[in-house]
Amino acid sequence: MRNSLKVAKWEVKRNLRNKTFIIGMFLTPLFIIGFMFLGELIGGDDEETEMTSVFIHDELGVFSEIEQTVAASNLSWQVMQTDVTEEEANKEVKNTEQTAYLFIDEESLTKGTIPAYTSEEMDASFMNQAQILSSPIQAWQLKELGLSNDQLAVVSRGIQIADVSANDETDTKDAKETAEESEIASLERIVPGAFAGFIMLSIVFTGMAIFQSASQEKKDKIAEIILSSLTPNDLMQGKIIGYFVLGIVQSIVSLVIVLPVLSWRLDIAFLDYLFVPELALYLMIAISGYLLFASIFVGVGATMTDMTTAGNFQGMVMMLPFLPFIFIGPVLSDPSGFMAQLGTYIPFTAPGVLLLRLSNLEEWPWLEIIISLAILIISIWIFVKLAGKIFKVGILMYGKNATPGEIWKWIRM
């Protein structure tokens, strides 16, 4: 174990002195922040809402009240008075866009319908918006009936029917408290789950550099020198530990930069919901996912002479961490459904699917969690053993990439 820690320390120092790694470590969170604001920047170029020209032929003297009603409703209307006739308005709207003519007179009130002439390309929501004009017109009608201002206020107030119980205030307060507790409980699941998911992705993607590390040592022909002072298992374990530490460093740097911006953007104090008991299980799942993929990466990386010569088999192995993305849709739509459960029991998808499910479930299926973790632990043990056999032979093979047949022969040795 001492030799493994020496290898891990060497890998950490070597990468932290690498300019490419340092630049990538700081560029990653900046790219994340950039994508956060990209949608807003693109959306900010949208043109302003086009104003609708609304001409009112007013014979009742309610134009000022209509202006006030439109202004209070924040409609994108430019309201103007006009003296044109209905025939002229009908001709005019055929040659204009976003224009409407409304004719308000006693005859239209008697019929109960106010004629409106609109352009052919008029927004479909205009007629619904125009219904707000009924309030000032009805107020004029009531005033014509001789009602006083106080009576008009009473009539205009309207009556609403609401469901009120004897303990209404208590129920309302309890409902608010229940809603707040539900929101807090939801954040206490989602925030730690998202945190663990980010940690897992960071260390897994950083761990993919094990491919390059193993193949580079073969390319530089220093593998024999290294193996002269330690065993292949020590070297393999040291690489897994070293890149785990590097992934944690990458995660810390990213979170220090991204988390304050995200908290400001969403107005959520993430730290208040992060350190909950469930976080321990989330991190256990994330670390298990890394150990599974890292053991595969280090073994397969030893079978390649160079990253640029990776074959189809090695390329397929590198795609394994992306398999959980296939289950995102089914899991979000039904976290307890068949597809969600299936993804929970497949070793390569279990870490991602399990984190996603637990972040969306109010009651955790502990039996499924235990079975999934058992499958993960057994899978890690198996793949570490297999990777050890592959690494022991592959790290000393030069000249070509190992074929699947050769890898299978090494495993059976």
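Only a predicted model underlies this, so the values are computations on that prediction, with no experimental measurement involved. Residue indices begin at 1 and follow the sequence shown.
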query: How about Ser379 and Ile375: do any of their side-chain heavy atoms sit closer than 4.5 Å?
result: yes
task: For atom CE of Met284, decide whether the heavy atoms of other residues, nucleotides or ligands shown that lie under 6.0 angstrom number more than 12.
output: no
query: Short question: side chain of Asn90, backbone of Glu86 - any donor-acceptor pair under 3.5 Å?
result: no
query: When rounded to the nearest 0.5 angstrom, what distance separates OG1 in Thr28 from CD1 in Ile33?
result: 11.5 Å
- prompt: Between Glu88 and Lys91, is there a side-chain N and carboxylate O pair less than 4.0 Å apart?
  reply: no
Closest heavy-atom pair and its distance - His57, Val84: ND1-O, 3.1 Å
- request: Please report the shortest heavy-atom distance between Tyr290 and Ile240, naming the atom on each side.
  value: OH-O, 2.6 Å
- request: Determine whether Leu102 and Pro115 make a side-chain contact, defined as any pair of heavy atoms from C-beta on separated by less than 4.5 Å.
  value: no
- request: Test Leu246 against Leu16 for side-chain contact (heavy atoms from CB on, under 4.5 Å), laying out the working first.
  value: CA-CA 8 Å; Leu246 289 170; Leu16 290 180; 4.1 Å; yes
statement: Taking every heavy atom of Glu11 against every heavy atom of Gly242, the minimum-distance pair comes out as CB-CA, 4.4 Å
field: Set of ring pair (Phe, Tyr, Trp, His ring centres under 6.0 Å) partners for Phe31, sequence neighbours left out
entry: none
- prompt: Which residues satisfy the side chain to side chain contact (heavy atoms under 4.5 Å, CB included) test with Ile137, sequence neighbours excluded?
  reply: Ile104, Leu109, Ile114
query: Going from CZ on Phe103 to CG on Asp58, what distance comes out if it is rounded to the nearest 0.5 angstrom?
result: 12.0 Å
- request: Considering non-hydrogen atoms only, spot the tightest contact between Pro347 and Leu376 and give its length.
  value: O-CD2, 3.8 Å
Non-neighbouring partners of Asp334 that pass side-chain hydrogen bond (donor to acceptor under 3.5 Å, both in side chains), sequence neighbours left out: none
field: Thr96 backbone acceptor or donor facing Ser119 side chain under 3.5 Å
entry: yes
message: Within the 3.5 Å criterion, strictly below it, is a donor on Gln98 or Thr52 matched to an acceptor on the partner's side chain?
response: yes
- line: Contacts of Ile346 meeting side chain to side chain contact (heavy atoms under 4.5 Å, CB included) (sequence neighbours excluded), chain-then-number -> Phe327, Leu342, Thr349
task: Give every residue pair that meets the ring pair (Phe, Tyr, Trp, His ring centres under 6.0 Å) criterion with at least one member in residues 82-102, sequence neighbours excluded.
output: Phe55-Tyr101
- prompt: So, are Glu120 and Lys94 salt-bridged, with charged N and O less than 4.0 Å apart?
  reply: no
field: Distance in Å, Ile285 CD1 paired with Met200 CE, rounded so as to fall on 0.5 Å steps
entry: 9.5 Å
- line: Sorted by chain and residue number, the side-chain hydrogen bond (donor to acceptor under 3.5 Å, both in side chains) partners of Trp77 (sequence neighbours excluded) come out as Gln129
message: For a 4.5 angstrom cut-off between non-hydrogen side-chain atoms, does Ser295 reach Phe293?
response: no
field: Partner residues of Glu368 under the side chain to side chain contact (heavy atoms under 4.5 Å, CB included) criterion, sequence neighbours left out
entry: Gln341, Tyr345, Arg357, Pro365
query: In Å, rounded to the nearest 0.5 Å, how long is the span from CG of Leu133 to CG of Leu75?
result: 8.5 Å
message: Using every non-hydrogen atom in the two residues, find where Ala116 and Met127 come nearest and quote the distance to one decimal.
response: CB-CE, 4.3 Å
query: Under a 4.5 Å cut-off applied to non-hydrogen side-chain atoms, are Glu278 and Pro192 in contact?
result: no
field: Pairwise side-chain contact, Leu358 with Ile369, heavy-atom cut-off 4.5 Å (strictly under)
entry: yes
Results of side chain to side chain contact (heavy atoms under 4.5 Å, CB included) for Leu356 - residues two or more places apart only: Ile328, Val331, Leu332, Asn360
field: Test ring pair (Phe, Tyr, Trp, His ring centres under 6.0 Å) applied to Phe198 - qualifying residues, sequence neighbours left out
entry: none
query: Going by heavy atoms in the side chains, are Leu291 and Phe244 under 4.5 Å from each other?
result: no
query: Does the side-chain contact (heavy atoms from CB on, under 4.5 Å) test come out yes or no for Thr99 and Thr118, once each step is laid out?
result: CA-CA 6 Å; Thr99 303; Thr118 61; over 6 Å; no
message: Using only atom types and a distance under 3.5 Å, with no angle test, would you say the side chain of Ser333 pairs donor to acceptor with the backbone of Pro330?
response: yes
task: Could you please spell out the steps behind the side-chain contact (heavy atoms from CB on, under 4.5 Å) verdict for Met25 and Val249?
output: CA-CA 9 Å; Met25 184 168 60; Val249 172; 3.7 Å; yes
message: Quick check for you: to the nearest 0.5 Å, what is the distance between Ser202 atom OG and Ile252 atom CD1?
response: 10.5 Å
field: Polar side-chain atom of Ser73 near backbone of Ala71 as donor-acceptor pair, under 3.5 Å
entry: no
task: List for me each residue that meets side-chain hydrogen bond (donor to acceptor under 3.5 Å, both in side chains) alongside Ser372, sequence neighbours excluded, and say none if there are none.
output: none
query: Can you list the residues that meet the side-chain hydrogen bond (donor to acceptor under 3.5 Å, both in side chains) rule with Glu65, with sequence neighbours excluded?
result: none
task: If a pair satisfies ring pair (Phe, Tyr, Trp, His ring centres under 6.0 Å) and one of its residues is in residues 357-390, list it, with sequence neighbours excluded.
output: Tyr282-Trp364, Phe348-Phe383, Trp364-Trp366
task: Output the distance between atom CD1 (Ile32) and atom CG (Leu255), rounded to the nearest 0.5 Å.
output: 8.5 Å
